[in-house]
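Accompanying notes for the structure given below.
These values consider heavy atoms only, across backbone and side chains, with no hydrogens, waters or symmetry-generated copies. FYI, the numbering just counts along the sequence from 1.
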Amino acid sequence: MATTSSKGSGPGKGKQGGKAKAESRRARIEEQRRAEKARERRGRIITIAASAAILVAIAGGGWYLLDAANEEEQQQAAPVSGEKTWKDLSQNHVENKVDYPMAPPVGGDHAAVWQNCNGDVYTEPIQNENAVHSLEHGAVWVAYNEKAADADVETLAAKVEQTPYSLMSPYNDASSPITLSAWGHQLKVTKASDPRVDEFFEKYVQGSQTPEPGAACTGGKA
């Protein structure tokens, strides 16, 4: 009669196999935990490095912007080459004519009504006292005498017509063919193509020298 062997199938052997499986499972879980912790560490390192790089870039960009702002401020403060300046100019409203120390005048006592300066081009001389009031409002006044070339007069007239807070008129007593005036500042040139013309406009149309920035350039004397 045949018999069946029970070798290897007893309860002790089953327990040992289950224990081995459990240990293997614990080992895999532990390995997964170690791998996850390693990934977390790498993630933290990458995040810290990226944050540091961003801060450095921001700081560098901040210094760059600060340097650029300082450079722009210095350029704005620097005078236009060849210009003359006057300080401590009075701002009283008067009814009488004023004897100005410069021609054309760049500031001082003036009429209560300003000359319209919203890109206005006058073909006849205007009153000093009204024009000075326009300068007080931040306008640039382009004056020219009979020595100015017709082409230059036309070029400047076109520029003024496109520029709010500017005006233009003949001024026979000027010592230069073309004179640009702002409050406290004046530049004399011989040609409209002189690059300082654009520089003067950019710097002084409603520039930092303006005693009354934003004041009207319309509704005055036409």
Side-chain angles (χ1 to χ4, degrees), residues 76-77 79-80 82-148 152-192 194 196-222:
Q76 187 67 23
V80 177
E83 74 169 42
K84 291 184 178 181
T85 60
W86 291 261
K87 295 183 178 181
D88 301 323
L89 298 168
S90 59
Q91 294 176 242
N92 301 312
H93 288 177
V94 296
E95 296 181 359
N96 56 290
K97 285 187 174 297
V98 179
D99 184 16
Y100 293 104
M102 74 293 288
V106 299
D109 293 347
H110 51 270
V113 179
W114 56 91
Q115 192 77 32
N116 283 341
C117 48
N118 190 34
D120 293 271
V121 175
Y122 301 94
T123 57
E124 298 293 333
I126 58 179
Q127 293 293 320
N128 285 336
E129 292 77 16
N130 300 108
V132 169
H133 196 154
S134 302
L135 302 186
E136 185 183 42
H137 288 191
V140 164
W141 179 17
V142 179
Y144 61 95
N145 63 20
E146 67 279 356
K147 295 181 181 179
D152 287 333
V153 173
E154 292 175 2
T155 297
L156 290 169
K159 182 176 184 63
V160 168
E161 287 173 346
Q162 298 174 6
T163 309
Y165 287 95
S166 71
L167 68 162
M168 179 174 175
S169 70
Y171 200 98
N172 293 330
D173 293 335
S175 61
S176 177
I178 301 165
T179 305
L180 308 179
S181 301
W183 185 271
H185 301 265
Q186 190 167 84
L187 176 69
K188 297 180 182 293
V189 298
T190 59
K191 295 289 185 181
D194 191 315
R196 294 175 298 167
V197 172
D198 288 341
E199 186 180 353
F200 195 92
F201 267 76
E202 183 177 352
K203 186 177 183 66
Y204 293 123
V205 170
Q206 282 286 284
S208 59
Q209 86 291 342
T210 305
E212 297 180 3
C217 249
T218 59
K221 184 178 179 181

Nearest 0.5 angstrom please: [X] [atom1] to [Y] [atom2], how far?
X	Y	atom1	atom2	result
S169	D120	OG	CG	11.0 Å
E199	E202	CD	CD	8.0 Å
Y144	I178	OH	CD1	10.5 Å
L180	D198	CG	CG	10.0 Å
N130	L135	CG	CG	11.0 Å
D194	L187	CG	CG	7.0 Å

Item to check | Pairs involving residues 178-188, ordered by first then second residue, that meet side-chain hydrogen bond (donor to acceptor under 3.5 Å, both in side chains) (sequence neighbours left out) | outcome: E83-H185, S175-K188, S181-Q186, H185-Y204
Is a side-chain N or O of [X] found less than 3.5 angstrom from the main chain of [Y], in a donor-acceptor match?
X	Y	answer
E129	V98	yes
T210	E212	no
S166	V160	yes
D109	V94	no

Checklist entry - Could you go step by step and tell me if T163 and F201 meet the side chain to side chain contact (heavy atoms under 4.5 Å, CB included) rule? => result CA-CA 9 Å; T163 309; F201 267 76; 4.0 Å; yes
Checklist entry - Restricting to pairs with a member in residues 93-135, which pass disulfide bond (SG atoms under 2.5 Å apart), not counting sequence neighbours? => result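 For residues 93-135: C117-C217.
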Item to check | side chain to side chain donor-acceptor pair (under 3.5 Å) partner of N128, the single match among Y171, Y100, W141 | outcome: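 Single side chain to side chain donor-acceptor pair (under 3.5 Å) partner of N128 among Y171, Y100, W141: Y171.
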Checklist entry - Do the side-chain N and O atoms of K221 and Q127 include a donor-acceptor pair separated by under 3.5 angstrom? => result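 Looking only at side-chain atoms, Q127 and K221 do not form any donor-acceptor pair under 3.5 Å.
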Nearest heavy-atom pair of [X] and [Y]: which atoms, and what distance?
X	Y	value
N118	P164	OD1-CB, 3.5 Å
V189	S176	O-OG, 2.9 Å
V197	K191	CG2-O, 4.1 Å
T123	P170	O-CG, 3.5 Å
A139	L167	CB-CD2, 4.0 Å
A131	I126	CB-CD1, 3.9 Å

Checklist entry - Can you tell me if CD on E95 sees more than 12 non-hydrogen neighbours from other groups inside 6.0 Å? => result no
Checklist entry - So does D99 have more than 12 non-hydrogen atoms from other groups sitting under 6.0 Å from CG? => result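 Atom CG in D99 is not packed in, count stays at 12 or less.
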Next on the checklist: If you define the side chain from C-beta out and look only at heavy atoms, does anything of F200 sit under 4.5 Å from V142?
Outcome noted: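 Result no, sub-4.5 Å side-chain heavy-atom pair not found.
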Checklist entry - Does any non-hydrogen side-chain atom of Q91 lie less than 4.5 Å from one of P211? => result yes
Item to check | Working for side chain to side chain contact (heavy atoms under 4.5 Å, CB included), residues W86 and M102 | outcome: CA-CA 10 Å; W86 291 261; M102 74 293 288; 3.7 Å; yes
Checklist entry - Once the angle between the rings of H137 and W114 is folded into 0 to 90°, is it parallel (under 30°), tilted (30 to 60°) or perpendicular (over 60°)? => result tilted
Item to check | Parallel, tilted or perpendicular: rings of H110 and H93 (30°, 60°) | outcome: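 Ring orientation, 0 to 90° scale: perpendicular.
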